[in-house]
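Take a look at the structure below.
Computed over heavy atoms, backbone and side chain alike; hydrogens, waters and symmetry mates excluded. Since this is a predicted model, take the numbers as computed values, not measurements. Every chain is numbered from 1 and lettered A, B, ... according to where its sequence line falls, protein lines coming before strand lines.
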Amino acid sequence: MTVVRDVLTAVLFPAGAVFCLLGAVGLLRFPDTGSRLHAAAKAQTLGLLLVLLGAAAQLPSRHAPVLVLVAVFQMLTAPVTSQIVGRTAYRVDGLDRRSLVRDELAERLTKDGTPPPGADTGPPDHDADR
Amino acid sequence: MSRVVRHLPMVGWLWLLWVLLWGSVGPVVLVGGLVVAVGVVVAFPLPPVPGWAPRPLAVVRLLARLFADLVGSGAVVAWQAVRYGPRTTAAIVEVPLRADSDLLITAVAEVTTMAPGALVMEIDRGRRRLYVHALPVRDAHDVEDRRRQARSVEDAVARAMGQPLPDRAPDDDAGGNPS
Amino acid sequence: MNTIDLTLSVVVGVLFAVGFYLMLQRSLMRIVLGFIVLGHGTNLLLLVAGGTPGRPPITDGKAADPARYADPLPQAMALTSIVITFALTAFLTALAYRSWRLWGNDEVRDDVEDRRIGTFAERAGHGERERTPPEDGR
Amino acid sequence: MTVLYAVTLGVLSAAALLTLVRLVRGPSALDRIMALDVIVTLVIAGAAVGMVLRDDTTAVPALVVLTLLAFIGSVTAAYLVEKREGMR
Amino acid sequence: MRPTLLALPVLLPLLGAGLSLLGPRRAVIRGLSGAVLAVVLADAVALLVLADRDGPQAVHMGGWPAPLGITLVADRLSALLLTVSALVSLAVLGFAVGQGTAERRERSARVFHPAYLVLVAGVSLAYLSGDLFNLFVAFEAMLAASYVLITLDAGRNRTRAGMTYTIVSLTSSLLFITLIALVYAATGTVTLAQLGPRLAELDGGLRGALALLTLTVLGIKAALVPLHFWLPDSYPTAPAPITAVFAALLTKVGVYALLRTETLLFPRTGVWPLLAWVAVATMLVGILGALAQDDVNRLLSFTLVSHIGFMLFGLALFDVRGLTGTILYVVHHIVAQAALFLVADLMVRRTDTAALSVMARRPTPGALVAVLFALPAMSLAGVPPFSGFVAKLALLQAGAGRGGAVAYLLLGAAVLTSALTLYAMARVWTAGFMKPPRPARGASVRTRGARLMLTSAAGVTVAGLVVTAGAGPLARLGERAAQDLLRPQAYRSVVLGEGER
Amino acid sequence: MLFLLAAHAVVAVAIRWGQRRLGRAVWPVAALVPLAVVGWASARAAGVLDGAVHTASLAWAPSLGLTVDLRLDALSLLMLWIVAGVGALVLLYCRYYVERDGGQLAALLLLFAGVMAGLVLADGLFVLYVFWELTTVVSFLLIAGRGESAEERRAARQALLVTTAGGLVMLLGFVLLASAAGTQRISAIVADPPRGDTVTVAVVLVLVGAFAKSAQFPLHGWLPAAMVAPTPVSAYLHAAAMVKAGVYLVARLAPALAEVGPWRPMVLAVGLGTLVLGAWRALRALDLKLLLAYGTISELGLLTALLGAGTRTAAVAGAVLLMAHASFKSALFLSVGIVDRRTGTRDVRELSGLGRRMPVLCAVAVLAAASMAGLPPLLGYLAHEAAVEALWHGPGLAAHGWLTGALVAGFALTLAYSARFLRGAFGGPVTGAVERARRPEPGFLAPVAVLSAAGLVLGVGYAGTAAVAEAYADVFPAGPDGPYELKLWHGFTGVLGLSALALLIGFALHLCLRRLPYGTARRLPRLPDAQAVFERVLAGVDRVAVAVTGRIQVGSLPVYLTVLLTTVVVVPGVALAAAAPTLGSPSAWWSPVEPVLGVLVLVAAGAVVAARHRLTGVLLAGAVGYGVAGIFLVRGAPDLALTQLLVETMTLVVVVLVLRRMPSRFGPGRTVTRARLLRAAAACAVGVFVICFALAASAARRAPAVSAQQVRHATEAGADNVVNAIVVDFRALDTLGEISVLLVAAVGVVSLVRVRGRGLARRDGQRRRAAFPTAHWDEPAGTWLPGAKERPGGERSVLLEVVTRLLFPSILVLSLFLLFSGHYRPGGGFAGGLVAGQAFVLRYLVGGRADLGAAVRVHSGVVAGTGLMTASAVGLLPAFAGGAPLESTVVTVHPPLLGTVEFATSVFFDVGVYLVVVGVTLKLLSAAGVSLGRGRVEREAAS
Ligand code: NA
Ligand code: NA
């Protein structure tokens, strides 16, 4: 039994950590806020889930469910955060429209007669603070 | 009476939560948990959650899919980050939904966001559309792929939650937006 | 037998330096940030200078060997201090808000009466002191 | 196993440091909010590993709290960004 | 009964603060505050009697003997200061209610009363606490309440002044917590009674540095020169009753903490030259500041700084007579300074200006106000036979008894400061009262509020006369208290138990 | 004696109170008291002159030497006669002088008489000082009167400042003297005079005070200025009584201190110098009162010299002159009062012919002036004779020639100004103003006549005078030629010659001057004047005050804080560096995770400094906090870490909510580089200081931490979590204070955020962009949160609302779990309360104010207030039940079904903490709501 647990942990921990690391790389390397959100919302969540499961395997059974609970909460909340951040990014010009192959939202808005502010002007200069 | 029944799932969940947190099932914990759960529901009344009859098998399938999606999306995003980094390209894809309940749309949005390289950015509740930021997307083909993927998520979620879906998504102008 | 180690002593020192540097600014918002940072610095100092590190001081219900555990007293004191710092941060922030509402900015201005007397001092010897009523006399 | 835990913690640390760069560089407030969210996630992960490492389960329920924290903090901050133009 | 007596001055105001937040009407809150403060006063008197008769009183809070828990200790000094403070805070409450600071609007009442009660609880706790960290908490409670009070309904200038006050106080609080961290790091305890012996075991240099850090950190709260700048820039802007209670109590709590820590934790045998110089600087810089002012409240604030120097005078001598003088001076100054700020407000209200240059051209505020001003003003200047003279005489005698260059320096500075204080007070008097007795234009003396203000101010002034008349017993009490400070065995044994630990 | 003193005060109060009913009778009623004193003293005179002593004592603050010891001896008797006698006469005189509303003046004069009597009877240095200063205060009030003229105000202030400053110097001298003597009893000091350096210093200080009080050069300026007071006041205070206090003190202490180094030189030089200068100044005066005032200064100089000389003969001369001066000077002042009242002027240029118009007054004045000039057989003559003898032949004195010369010069000038006074007041033909003047009533004149006649009676009856004077003088040893005898005729001696010479010179001088018109008196050489010095000193003090304060109190908070930090670092830092204690041998780190977290914290902290936007700064500060929480976790402090994380998030929320309407950037930094460097240096110094101090302090620990005992006792508190046991049980008092701080700060936030009026906040900088087109897309169809509907659609989100609906109860359950499990694991009331608070934050953010209102239907104050009440009541209850306050008991109950339930009553305390935290969160949200609500209203108004 212990062996099974140990093997599970030995797989899940490094995997989770590596996902976290790759997510961080994405957060660092992706071109705009929208893409970075993917790194934050996915790679990180996944990494955390794996680590939690790995830990759950090692802890006494009465504590393992709590770690699952953490995972559940994380999965419930992380998408909401990304949606709020994402829509905010879109609304306050946080997106690099050059990296968008297609923007059906802008198209829809244009069709509605309310084109988004920077729809045709390319990305705004949001690096002033650097 | 029906009010009580409609709140029972929440009470049950809170009770379970309490027991899980304590990590023991002694009488004190059980009774205390019931008191706490009922107390919270009574003291802070919220509208009941409508249309919610999970189907266990579908739920398990959804969870499996979810986990698979999660690993897949994580891997894709990770690979994009390492391989392409700043040169990654994306698209915002419009996904018309058939579902017309807040809960279902929420669930679809949640699960979609966990899918590979998809992230719900805007929800048009009135016209039942999700706008999904997808990554990586290189061409129109990819865009359609993503749209399909998202709609299959909708199916899976609806099945898991025991909610039937209407046959077709609304037209562009159907429904309209509250303004 | 220092309880504090080199890494954390540097961290504490830098937090103090950064915090006080910010406290010395005129913008109340920067001061709030300085206060927050200093709060972190002092709490960390309290914990790491005062207590030996170790296991969390949670016993298994039996009287136990204290040496195994991290010192709980500085923890309790830091806990109190964290709360107080939070309360005062909120207050300071509200003060910044009020200042901005009333003055149009959140800068800590010089005292008017002091500046007036300072001007007298600079003019000392140039004749009589002339006193005018303060601008904001009640 | 201890080596495994140490390695895991090391990789998580590396991730945290990379995230730190994003946190400092921004450029937009949303990027910083995300980075902070990620840092909390990493703290949770690290804490979980630490609990296993120390064989100390007392703080496990506290981890639940942390997931909620990241959520509320990020939503608040994002909400502010939406309300305010150009706030970074 | 005795445990209750010790806990009441802290817990009761907090209970009252909680109650006042439940949303009762103004009149109820007002009665509540008054009743709480009256009980605290009675309690303080009882404690004083007990402490004087039976020695230091202690209660282990939570039933945990020191150093496990926190012990509240009322020795003669703390009980005495508690009594005087309770008295002044009660009178100031009356003034505040009359003046309307407290309750111009329902909303202000809901802010003022809880804050005021927490302030009183903090002050009481500061006097009673036998624990260094708890002392910090007491300071924080007191200061947090003071931040709220100083910015209550603040307009532009008061907001600015509130910033200065808050930020400097916060800085001092952060430094205080730093001090506690260092003390705990070196000794492993925060119980005052235990700290003395443990600090004595430390290397002399480290101990000295800790003593100096304590001096500077608490010195900010006590407004020693050069740590005083914040005070005259902030106090005068607050509404009079708030300034009065700040001036009377807050800086004194700083002085009390200095007295307590420097005697209990860092006892020394000879004169403390550094502190003597600080005392001289405080006296002179403060009073020169007062002379440069045109605003009566600012003038009074500077004299407050100046007279903190007198209190340091006795501590610098570090002997029974010096400490007796300091204790007498603290008691006197709490009463006199509160009275002056209150009466100054009456003057300002009736002449409609705080600027002396303008006030000189306005009608006189009336004979009663004149008397109410003259008594504490003369007391502050050390004119006999008022309490200020008694306290100053005690200090001068202590200084002469010590002898030596430093003591003579202190004596000279004290005398010079007294003369200049008189000059400053004469200036206020001249501007305020030396003019034809044209009646002040109808500053509605007959309203209930105005009567309440007058009564409260008169109450504090009369308290000053009582201090004067009771100088004999008070001086002996002060001497006993000073002896306690220099021989803290009784204090330690009542906290730690005799030979138990 | 005590009774007599008290009678002054009682009667003074009574007549002030009953002045309406008494009318002019206040004066005779007031006079009864000093008359009683005279009677009382006279009854004891025989015994006292024989050397008997009467004492009385009243303890005030004996441990400080403040015992009201009264002692009646020969000198006191003499002074008491003067003080009370002249006092009674002045009061009677006022019956006619003061026209209406005399109550206050009568009360003050009577009070003054009492204080003066106390002064001359006091046997303690400090009580003497008390009376001394009281005379100053009362005289201030008398001079100031109603302060109607600027002159009165200035004069009163000057008198007050000079004499009080002098008094303070004297007090210092007293203190040193008492310290050297080991007693403050004057009789004891005289019996056993102390010696030493301290005494030398004390002598100088005491004399300065005495000189100031007795208007000795150069401290005399206040006396002429004080002539603005009503004439009876001048007659009493500035001739008979108060100015004599200094002289009296010299007389009192001379037996003890005359032999101390500086005493004699000071007394003789200052006294005789004042004699000459004062007299010279009197010659220049055009105002009769001023003339008399300068004359008084001159006489006081002579008195000081004689009574301070410390020889028997001089003492006799001084005592006699004391009596003489009291009689003639009061008489002259009162005469001037009559003149002034009846003619309306005191200017010698306007008065003419008064001698013919009021011959009786003239006669009285001539008699008094003659005594002043030292003409036989008047009392003044006796004094002058004795004075010349004393200084010319005085044993123990040096420079007899100079002393005698000064004396003769002084006498000559005295005669000159006496004559000038008479001629100025009474000489010449009757002119207009004088012609119309009403003659004084006999009652008006009588007191003056009595005083004037006393000079004659005491001069002729010199035996009685001698008895009184010698009774005092006998404390000094007699000279080699035996005791000097006071007589009108000693035969043809050198002394007589010198007296005659002085008179001749004086008369000649008068003759020279009388040729000149009065106006030319102004052309007499002007001698140094202390008035200008006084003004210059005050102006100088003012200037120094402004200069010092202007440079120190600059009004800039950053400067203040820099000074403050520098002080805090430098003062202990120098001591620490000097001691160079060991810094121990710290390890590099405790856990290898520490450096990582350390880098996180340091980088984020550094970035905070560079941040130019508010939100950036807040987020980075949050990162610092999360990093610190990580360190807490690593060091074994999960409670701390949990709280830190919760608080950090709550801080973020509060700051964001309150500041959301403020501009995003910080204000422009206008600080010059040098100031910035200075601040950076100060801040870095603090950092280094803290590091070194922390290392040194932690290396110095010897004894074990007390917390080890707390760990052992934790089970007694019914807790597994020691930290929680400390927080809610061992140190629950800290926690109680802490939640009070929290509560009061929240109350403050609410009060601060409510700003009346628009203030200066610029709206144009606050451009609110138009809502994004998609903003209202996201509104849910169903109701998920009861109040959310009231929010504008643009702020809603279906996802958020649904998730919040699902999470909210769970978060509350979580918070309750933390509350109740705190005793066993990380958590507790505080953490639990914050988690619940977060739940409400979520409701507020997602559902808006209305939804928060739907969730919490009680006022935030009620929640928080109940919490604080619970916590403090839990503290008080055990105390009333006979236990210790805040005591917690472990309770074991056996309810059915549940088996055994064990809990500590401290859980109720924790519940109180929980409620306070929840209430505070709600309060903070309501504060945020204030600004939010307004924002919405404005937006709606704009659209
Ligand atoms: Na605490
Ligand atoms: Na004021």
Side-chain angles (χ1 to χ4, degrees), chain C residues 2-7 9 11 13-14 16-18 20-21 24 27 29 33 36 40 49 53-59 61 63 66 70-73 75-76 78-80 82-84 86-87 89-91 93-94 97-98 100-105 107-108 110-111 114-115 117-118 120-121 124, chain F residues 546-547 550 553 555-558 561 584 586-590 594-595 598 602 605 614 617 621 624 628 635-638 640 647 654-655 658 662 666-667 679 683-684 686-687 690-691 694 698-699 707-708 711-712 720-723 726-727 734 738 741-742 745 748-749 752-753 755 759-761:
Chain C
N2 304 65
T3 51
I4 190 170
D5 53 54
L6 279 178
T7 308
S9 62
V11 170
V14 172
F16 268 85
V18 166
F20 274 122
Y21 181 75
L24 292 175
S27 156
M29 195 55 213
L33 293 176
I36 294 175
H40 297 326
R55 285 179 64 86
I58 296 171
T59 67
D71 193 337
L73 185 53
Q75 294 189 31
L79 218 49
T80 299
I82 287 175
V83 177
I84 291 175
F86 163 67
T89 305
F91 183 85
T93 311
Y97 174 78
R98 192 179 186 88
W100 170 73
R101 283 293 309 260
L102 294 172
W103 287 98
N105 61 42
E107 288 206 1
V108 184
D110 283 356
D111 188 283
D114 283 341
R115 290 311 314 148
I117 291 167
F120 283 134
Chain F
V546 170
Q553 193 79 17
S556 158
L557 181 65
L561 282 180
S587 53
W589 53 66
W590 150 252
E594 265 183 16
L602 293 188
R614 291 170 205 275
V624 175
V628 170
R635 298 277 291 199
L640 209 47
V647 162
V654 168
V655 173
V658 176
M662 295 174 65
F666 294 116
R679 288 174 198 172
C684 290
V686 180
V690 168
I691 291 175
S698 71
S707 48
V711 173
R712 277 190 218 101
D720 294 347
N721 182 350
V722 187
V723 174
I726 295 175
V727 166
D734 279 348
E738 158 203 325
V741 171
L742 190 60
V749 170
L752 279 176
V753 168
V755 186
L760 284 185

Q: Under the side-chain contact (heavy atoms from CB on, under 4.5 Å) rule, what do C:Y97 and F:V753 come out as? Steps first, then yes or no, please.
A: CA-CA 7 Å; C:Y97 174 78; F:V753 168; 3.9 Å; yes
When heavy-atom pairs shorter than 4.5 Å are enumerated against chain C, which of [options] gives the highest number?
options                        : result
F:G598, F:S707, F:G687, F:A745 : F:S707
F:L640, F:L742, F:V722         : F:L640
F:P595, F:G748, F:A637, F:A621 : F:A637

(Q) Please classify the contact of C:S9 with chain F as side chain, backbone, both or neither, using a heavy-atom distance under 4.5 Å. (A)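 Contact with chain F: backbone and side chain both.
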Q | Portion of C:L24 that has a non-hydrogen atom of chain F nearer than 4.5 angstrom | A |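 Contact with chain F involves both backbone and side-chain atoms of C:L24.
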Closer than 3.5 angstrom, by distance alone: can the side chain of [X] be matched with the main-chain N or O of [Y] as a donor-acceptor pair?
X     : Y      : value
C:Q75 : F:G636 : yes
C:S27 : C:E107 : no
C:T7  : F:A588 : yes

Can you tell me which of [options] forms the most heavy-atom pairs within a distance under 4.5 Å of chain F?
options                    : value
C:D5, C:V18, C:I58         : C:D5
C:G13, C:A70, C:P57        : C:P57
C:A94, C:A17, C:P53, C:A90 : C:P53

Q. side-chain hydrogen bond (donor to acceptor under 3.5 Å, both in side chains) with F:Q553: which residues, sequence neighbours excluded?
A.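 By the side-chain hydrogen bond (donor to acceptor under 3.5 Å, both in side chains) rule, F:Q553 matches E:D233, F:Y560.
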Q. In terms of heavy-atom proximity below 4.5 Å to chain C, should F:V690 be classed as side chain, backbone, both, or neither?
A.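 Side chain only.
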Q) Could you give the distance from CG (F:L752) to OG1 (C:T93), rounded to the nearest 0.5 Å? A)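 It is 10.5 Å, given to the nearest 0.5 Å.
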Q: For C:R55, enumerate each residue passing the salt bridge (charged side-chain N to carboxylate O under 4.0 Å, His left out) test, keeping only those at least two apart in sequence or located in another chain.
A: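 Testing C:R55 for salt bridge (charged side-chain N to carboxylate O under 4.0 Å, His left out), a comparison that skips the adjacent residues, returns none.
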